[in-house]
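Each chain gets a letter, A, B and so on, in the order its sequence line appears, and its residues count up from 1. Being a predicted model, the structure only gives us computed values, none of them experimental.
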Amino acid sequence: MKKEMRKEYTIALVAVGLGLLAGALLMLVTGNNPILGFIYLISGGLMNIERIGNTLATATPLIFTGLSVAFAFKTGLFNIGGAGQMLIGGLCATVIGLTLNWPKPLLLTVIIIASALGGALWGLVPGWLKAKFNVHEVVCTIMMNWIAYWSVYYIIPAYFKGAYLETESRRIPEAASLKVGWLTDLFRGSYINLGFFLAIIAVVVIAYILERTTLGYELKAVGLNRYAAEYAGIQSNRNIILSMMIAGACAGLGGAAFYVGYASNMQIGVLPSQGFDGVAVSLLGANSPWGVFMAAIFFGVLHSGKGFMNAMTQVPPEIADSIIATIIYFSATSVLIEKYWGRLQKRLAEKEKTGPPLVAEEEIKEKVGGAS
Amino acid sequence: MVKKVLVVLVILVVAALILFNVGEKTGVLKKGRLKIGMVTDAGTIDDKSFNQGTWEGVKQAGEDLGLEIKYLKPAGTTEADYMKEIGNLYDAGFKFIVCPGFKFETAIFQAQDKYPDAKFVIIDGNPHAGDYVPVVKENTVSIFFAEHESGFVAGVATALQLKEGELGYIGGMEIPAVQKFNWGFQQGVKYANENLGTKMVIRPENVIYQGSFDNVAAGQQLAAQMYDRGVKAIFAAAGGVGIGAINEAKSRMKAGEEVWVIGVDVDQYAEGIYDGEKSIILTSAMKQIKKATYDMIKFETEGKFPGGQILTFDATNDGVGIPENNPNLSAAVESKVAEVYAKLKSGEIVVADVQGDLIR
């Protein structure tokens, strides 16, 4: 178990290294100094307390969507409906925040529960269709994304539009916002909010469910082999639905963290990119809750440091976006690296037995494979 | 497990502290030279419209006055995203920041207090706290354009050139700047019908707001429907949606049909070229975004930054109107339009910036 863990960490780090290398190449090609670029990128994310706060705030929705994808993965399901689940979670949060006029602690509790329920509902539908009719969840969750997108597109302007703007809701009142004064002051006016702590709680809870409960055991069993699990008396249908609901709830909470925490109102016509970035976060985090947490923080640094790198170097914004995308892309290839890792180790073990074979060739192969 | 996470967090914090020092050092930049920054609104820098117009003004000023310039593209369109990019520019020493678009209103409201030694220009918007009560601090200037006058002139020019037939309008989002273009355009057409003997018609079903600024395909569809209904020219004040309308007109013109588009914000003639030099852009209802941006930067270098003011660019200061060269307008039309423009300038003609009894 321990060894397995170490291996996953190593693979993730190699993936990140490869990603940075690819980003560096892109910087070199565009005529910039990669070392300087990375210094600015990282200092942009972390160089003062405000920026650290912003990095964590940027990472918060990614933790949720990453968890969502990772959790569904454990049951062998591919949830790429994170964006839609986020939207619905955010919509529930916005609707309640703009309608009810309750004291802050009570209102926030209701908002958090409602956003989780909304997300869970958006996971329930594909889960149920998968369990009952074996409709592929990828197709379903993508469709659900658009249902959420257009629902928001209709509901916000029709009932909650701002005084002059058709395209966004009214501003979330202070009492309904996950932003709190002491936290904002602590981080010198950054956008960090209670959502971050909520995310940590979610990570702990999900880790607990997966590692310490019967439910988690059953979910994983269904993920490893549905039929074997059924043979062992596990109701796989129930578990598929439940898994998608919990995954949806995670993303729904991410929606609350984004729309009533990070942002100050809900805009229509935007499918949140965090929903899809969640897949990359989950891959890099090797589908483990704490892995997801760290991967999300890493992505947070990249996303919030990008602007500063941009401002300090001659990298055009469009190229900066590509550099970040490249780093993310390569980081998400950890699966590939894992494959070669296994081979490499086998080869090394053989070498110990039979003397020096062609290790160099294997290494070259690994690099080529990882970069293609 | 938790221990490991803690270790990683500690490492991150240490790294942050080390980098903090690096940041401090690089933060000390050569003083003196003004550096001009811009944060883009939704859409790209080459949107042939708002962002591009602003950036061209910044670029021109950079060249003429020898200033360092830079634009940043926010990750999203939330206040937090805008604030982050403004902070990035500020930390990198760009202390004069131009932001095009009403979406920056609340961000600039915060930024003007947070960075008191920086100057801000917001175009098409007023800084406010979310309650629409304008608060323009001494380090900020907000710029508005009389879109209705621009639409009016374009409407007159279109009516004069086409004489009779139907016209249409495609707007992006139903926001004040876009609505004013529409209302002005309708008044211009009406003016030409009543005073200059044209017979143009705008029917209510041909006045549509698409609801976004980036849905090119929807713009193309809307334009196709209007042209099918017999519309001769469409005034498209809709960013990317307008590009869709332009594309539709281009393919129809190539197929031998005579259809036109009236461009918006900047001179879109080049965007509408379908064959050699020929373009489907009849004329454009311009806002001199470039000039306004350039002027603000120039004022700053001369120490005359009009901080705390809300400026309006209209016909009286040549802030709006149609392009100087309109290859698709006849010389007679152009001189007639110039007469009308002069009347607008002198105040003889007044264009309303409210809907009144106009369509939508």
Roughly how far, to the nearest 0.5 Å, is the [atom2] atom of [Y] from the [atom1] atom of [X]?
| X | Y | atom1 | atom2 | answer |
| --- | --- | --- | --- | --- |
| B/K84 | A/E50 | NZ | CD | 10.5 Å |
| A/R51 | B/D91 | CZ | CG | 4.5 Å |
| B/D131 | A/R170 | CG | CZ | 14.0 Å |

field: Which of B/K73, B/Q110, B/K103 touches chain A most, by non-hydrogen pairs under 4.5 Å
entry: B/K73

message: Among B/G87, B/A80, B/S212, B/P74, which residue has the highest count of heavy-atom pairs closer than 4.5 Å to chain A?
response: B/A80

- prompt: So, are A/K161 and B/E174 salt-bridged, with charged N and O less than 4.0 Å apart?
  reply: no

Heavy-atom cut-off 4.5 Å, strictly under: side chain, backbone, both or neither for [X] against chain B?
| X | result |
| --- | --- |
| A/D321 | side chain |
| A/T313 | backbone |
| A/Y191 | side chain |

For [X] and [Y], work out which heavy atoms get closest and say how close.
| X | Y | value |
| --- | --- | --- |
| B/E85 | A/G307 | OE1-CA, 3.5 Å |
| A/Q267 | B/T78 | OE1-N, 4.2 Å |
| B/N88 | A/A311 | O-CB, 3.7 Å |

Taking side chain as everything from C-beta outward and backbone as N, CA, C, O, which of these in [X] sits under 4.5 Å from a heavy atom of chain A? Side chain, backbone, both or neither.
| X | answer |
| --- | --- |
| B/E79 | both |
| B/D214 | neither |
| B/Y71 | both |
| B/T77 | both |

Are there more than 12 heavy atoms of other residues, nucleotides or ligands under 6.0 Å from atom [atom1] of [X]?
| X | atom1 | answer |
| --- | --- | --- |
| A/R188 | CZ | no |
| A/Y208 | OH | no |
| A/Q314 | CD | no |

- prompt: Within the distance-only criterion (no hydrogens, no angle test), does the side chain of B/K70 pair as donor or acceptor with the backbone N or O of A/N310 below 3.5 angstrom?
  reply: yes

